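A quick write-up on the structure given underneath.
Note that the coordinates shown come from a computational prediction; the quantities given were computed from them, not determined experimentally. Chain naming here is simple, since letters A, B, ... match the order of the sequence lines and numbering starts at 1 in each.
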Amino acid sequence: MSVRVRYAPSPTGSPHVGNIRDALFKHLFAKHHKGVNILRIEDTDRTRFIPGVEEEIVESLNWMGIEFQEGFGAGGDHGPYRQSERKELGIYDKWIKVLMERGHAYKAFETAEELDEMREFQKINKQNFGYFGGMWRDATPEQVEAAEAAGKAFVIRQRMPKNSTIVIEDAIRGRVEFDSNTVDDAVLINGDGMPTYHFAAMVDDHLMGITHIMRGEEWISSAPKHAALFDSFGWERPIFVHCPVINGKDGKKLSKRHGDTKCLDFRAAGYLPHTLGNFIALIGWAPGGDRELMTMDELCEAFDLGGLQPAPGVFDMDKLNWMNGHYLRQLSPSEIVTKVREFALAESTAEYWEREANADKSVMPGLLLLNSAAATDLELVERAVQLEQERVVTLAEFGEACAFFFQDEPPFDPKAIEKWFAVPHARQLLEDLVTRFEGVVSCTPEDCESFIRSWAETNAMEKIGPVVHPTRVAMTGKTVGPGLFELMAALGPARIVKRAKRALAQI
RNA sequence: GGUCCGGUCGUCUAGCGGUUAGGAUGCUGCCCUUUCACGGCGGAGGUCGCGGGUUCAAAUCCCGUCCGGACUACCA
């Protein structure tokens, strides 16, 4: 039988890296087995629905290259793939009726207040929390009829079997046993007639032929409810795969205080989708051996349940940065220029960098400058990008890193001036620089190098450092950056002269 | 309170009864070198949570214990 898995997000918030990793695992698993990955929207709780999130889910998934062969936005024979629509079609009504008829579900008429009281009582008396039958599990048909006749609101609860052991075979953890008496009677249909996750997801998983229920480990404790549901219907249980979650550096659940966690924020921050994918695939899963840097195809090829980790992992930004720098270095300058330009122009990029949290970083001006420079002098931009790509970690950094190439008057770092324009030979050096390149049409890195070296030699300098540094400050305003000769050649004689003259005014 | 899950360098992990416990990242030293990076070569960092067993032999198997986490909603 071919593998069928589903990614079933709830449109209550933009997907964070944990959600996306969940989706990635399913994509890899489905691809590996040439199976089907299904996208299903779990929007049964209308009160928590946030407009626009469905779009963000799709956008995140598309950006990451996570594919669906079936489901929301992809079509298929098991639709609709939005649970609210399935509810309208009466799918859940039909199946809850079956459950009721078989005695595996019952109506419960407690009010919210009564339930609160019950929980309070349980807490005070140190009893197990939860609804284990209440007033209605064993109510007589007459009592139920009377309550209905009185127009009381009700929910439909699962009648968990008593005094039995429910065994879950988890693909990662193996056999997990539960005493059914410790599992409460979950609400299957709420007071509005909407199915809850416990019911809708399991019915859909069966109807959609899901073979593996892959989900976060936070679901382990409700697995017995789900298993019991499948048993009650007489359906074959899918294989449960409870994946480890991703935590923040402090070992706690990922949240805003860990910085960016939304998938799309990583895009806006300048990370490559493949970096994020490769990186998060390795949290909670390993291909065995020492493999780390892998293409999407390699990940698909290598992915198996056996490599899944039982313990939660921590999201390590340092390693993400390293990996992004690595992949950035593998791109050609023209590929990078294209990416940076798209990146600079994307609305989400500006939105991200204008946020208060990023107010201290000036990223957009450089990005925009690079973009407009590319329109007039693509060659310069490509050379600039090529020279900077080995010292940059994200797309966002290219703007600022390359800025001095395109600025008419790149700002001087005061400390750089202090240090290198104060040397006794600075003036003469810059004047000679002007003389050498004035009126020259073009120059190669070799031309620049020979100028610097011979200048050092004729001025009896043992090393070229004292010649290079003042020149660098004159050319870029900074003390750090690409190799001087390459950078000068990219700038060209005209700019070299102009900048040398400008620097002379600073001495 | 209850149920369940988890535990190898700071972090991600390899390991599946016999290894000097390996790799990556981060930190760090050296080399390269015009700076910063990149790259190359080293180093520090793990009593495999702890305590018992089983075994000639345990990170690997068993038990206990501690610590961490999840769930315990008419949310997912």
query = Is A:Glu177 touching bases, backbone alone, or none of the nucleic acid, heavy atoms closer than 4.0 Å?
reply = sugar-phosphate

task = Could you check whether A:Gly191 gets within reach of a base, just the sugar-phosphate, or nothing at all, counting any heavy atom under 4.0 Å?
result = base

request  = Give A:Lys478 one of three labels, base, sugar-phosphate or nothing, depending on what nucleic acid heavy atoms sit under 4.0 Å from its own.
outcome  = nothing

message = Once you measure the plane-to-plane angle for A:His206 and A:Trp95, does it fall in the parallel (<30°), tilted (30-60°) or perpendicular (>60°) bin?
response = perpendicular

query = For A:His226 and B:C4, what is the distance between atoms NE2 and C1' respectively, to the nearest whole Å?
reply = 14 Å

ask   = Is the side chain of A:Arg173 donor-acceptor paired with the backbone N or O of A:His242 at a distance under 3.5 Å, no angle test?
value = yes

request  = Please state whether the base of B:C36 and the side chain of A:Arg391 form at least one donor-acceptor pair under 3.5 Å?
outcome  = yes

ask   = Expressed in whole Å, how much space separates the P atoms belonging to B:U25 and B:C5?
value = 36 Å

ask   = Do A:Phe406 and A:Leu370 come within less than 4.5 Å of each other through their side chains, counting heavy atoms only?
value = yes

ask   = Atom CZ of A:Arg215 and atom C1' of B:C4: how far apart are they, to the nearest Å?
value = 13 Å

key: Candidate list A:Val187, A:Ile156, A:Ile189, test side-chain contact (heavy atoms from CB on, under 4.5 Å), partner A:Phe199, passing option   = A:Ile189

inquiry  = What contact category does A:Pro482 fall into here, base, sugar-phosphate, or nothing, at under 4.0 angstrom with non-hydrogen atoms?
reply    = base

message = Quick check on B:A14: is either OP1 or OP2 less than 4.0 Å from any side-chain nitrogen or oxygen of A:Gln309?
response = yes

message = For a quick check of understanding: with a heavy-atom distance under 4.0 Å over all strands, which category does A:Thr44 fall into, base, sugar-phosphate or nothing?
response = sugar-phosphate

ask   = Do the rings of A:Trp219 and A:Tyr197 sit parallel, tilted or perpendicular, given the 30° and 60° boundaries?
value = parallel

ask   = Would you say the ring centroid of A:Phe109 lies under 6.0 angstrom from that of A:Trp136?
value = yes

ask   = From the list B:G6, B:C71, B:C75, which nucleotide is the closest neighbour of the side chain of A:Pro312?
value = B:G6

request  = Give A:Phe279 one of three labels, base, sugar-phosphate or nothing, depending on what nucleic acid heavy atoms sit under 4.0 Å from its own.
outcome  = nothing

ask   = Reckon A:Gly325 touches a base, only the sugar-phosphate, or nothing at all at heavy-atom distances under 4.0 Å?
value = nothing

query = Are A:Phe303 and A:Phe25 close enough that their ring centres sit under 6.0 Å apart?
reply = yes

task = Name the nucleic acid region contacted by A:Gln83, choosing base, sugar-phosphate or nothing; use a 4.0 angstrom heavy-atom cut-off, strictly under.
result = nothing

message = Over all strands shown, is A:Ile220 touching base, sugar-phosphate only, or nothing at heavy-atom distances under 4.0 angstrom?
response = sugar-phosphate

task = Please work out if A:Arg291 contacts a base, only the sugar-phosphate, or nothing of the nucleic acid, heavy-atom cut-off 4.0 Å.
result = nothing

request  = Would you confirm whether A:Arg157, through its side chain, and A:Ala186, through its main-chain N or O, come within 3.5 Å as a donor-acceptor pair?
outcome  = no

query = Would you find more than 12 non-hydrogen atoms of other residues, nucleotides or ligands less than 6.0 Å from A:Glu110 atom CD?
reply = yes

ask   = Contact class for A:Val314 (heavy atom, under 4.0 Å): base, sugar-phosphate, or nothing?
value = sugar-phosphate

request  = Would you mind classifying the nucleic acid contact of A:Glu388 as base, sugar-phosphate or nothing, using non-hydrogen atoms under 4.0 angstrom?
outcome  = nothing

query = Is A:Arg173 touching bases, backbone alone, or none of the nucleic acid, heavy atoms closer than 4.0 Å?
reply = sugar-phosphate

Upstream residue (5' side of RNA chain B) when A:Leu282 and A:Asn247 are each assigned their closest nucleotide = A:Leu282

ask   = What's the closest nucleotide to the A:Arg472 side chain, out of B:C5, B:U35, B:U3?
value = B:U35

query = Where the side chain of A:Val480 is defined as all heavy atoms beyond and including C-beta, which of B:U35, B:A76, B:C38 is the nearest nucleotide?
reply = B:U35

inquiry  = Between B:G45 and B:G52, how far apart are the two C1' atoms, rounded to whole Å?
reply    = 29 Å

note = Side-chain atoms of A:Ile283 come closest, of B:U34, B:A76, B:C12, to B:C12

inquiry  = Nearest to the A:Val155 side chain among B:U34, B:C74, B:C12, which nucleotide is it?
reply    = B:C74

note = Between CE of A:Met118 and P of B:U72 the distance, given in whole Å, is 13 Å

task = Produce a footprint string for nucleotides 22-33 of chain B: one letter per nucleotide, 5' end first; B if the base is under 4.0 Å from any protein heavy atom, S if only the sugar-phosphate is, - if neither.
result = BBBSS-------

ask   = Has A:Phe129 got its ring stacked on the base of B:G1, with centres under 5.5 Å and planes less than 30° apart?
value = yes

note = In whole angstroms, the gap separating P of B:C74 from CD1 of A:Ile96 amounts to 15 Å

task = Measure from CG on A:Leu387 to P on B:A37 and round the result to the nearest Å.
result = 17 Å

task = Using whole Å, report how far NZ of A:Lys126 lies from C1' of B:U3.
result = 17 Å

request  = Starting at atom OH of A:Tyr131, determine the distance to atom C1' of B:U72, rounded to an integer number of angstrom.
outcome  = 16 Å

key: A:Phe315 and A:Phe266 aromatic centres sub-6.0 Å   = yes

message = Both A:Gly307 and A:Leu115 contact RNA chain B. Which one's nearest nucleotide lies toward the 5' end?
response = A:Gly307

query = Looking across every strand, which nucleic acid part, if any, lies under 4.0 Å from A:Ser10 by heavy atom: base, sugar-phosphate, or nothing?
reply = sugar-phosphate

ask   = Over how many whole Å does the gap from A:His242 atom NE2 to B:C71 atom P extend?
value = 13 Å

ask   = If the P atom of B:U8 is compared with that of B:C50, how far apart are they to the nearest Å?
value = 10 Å

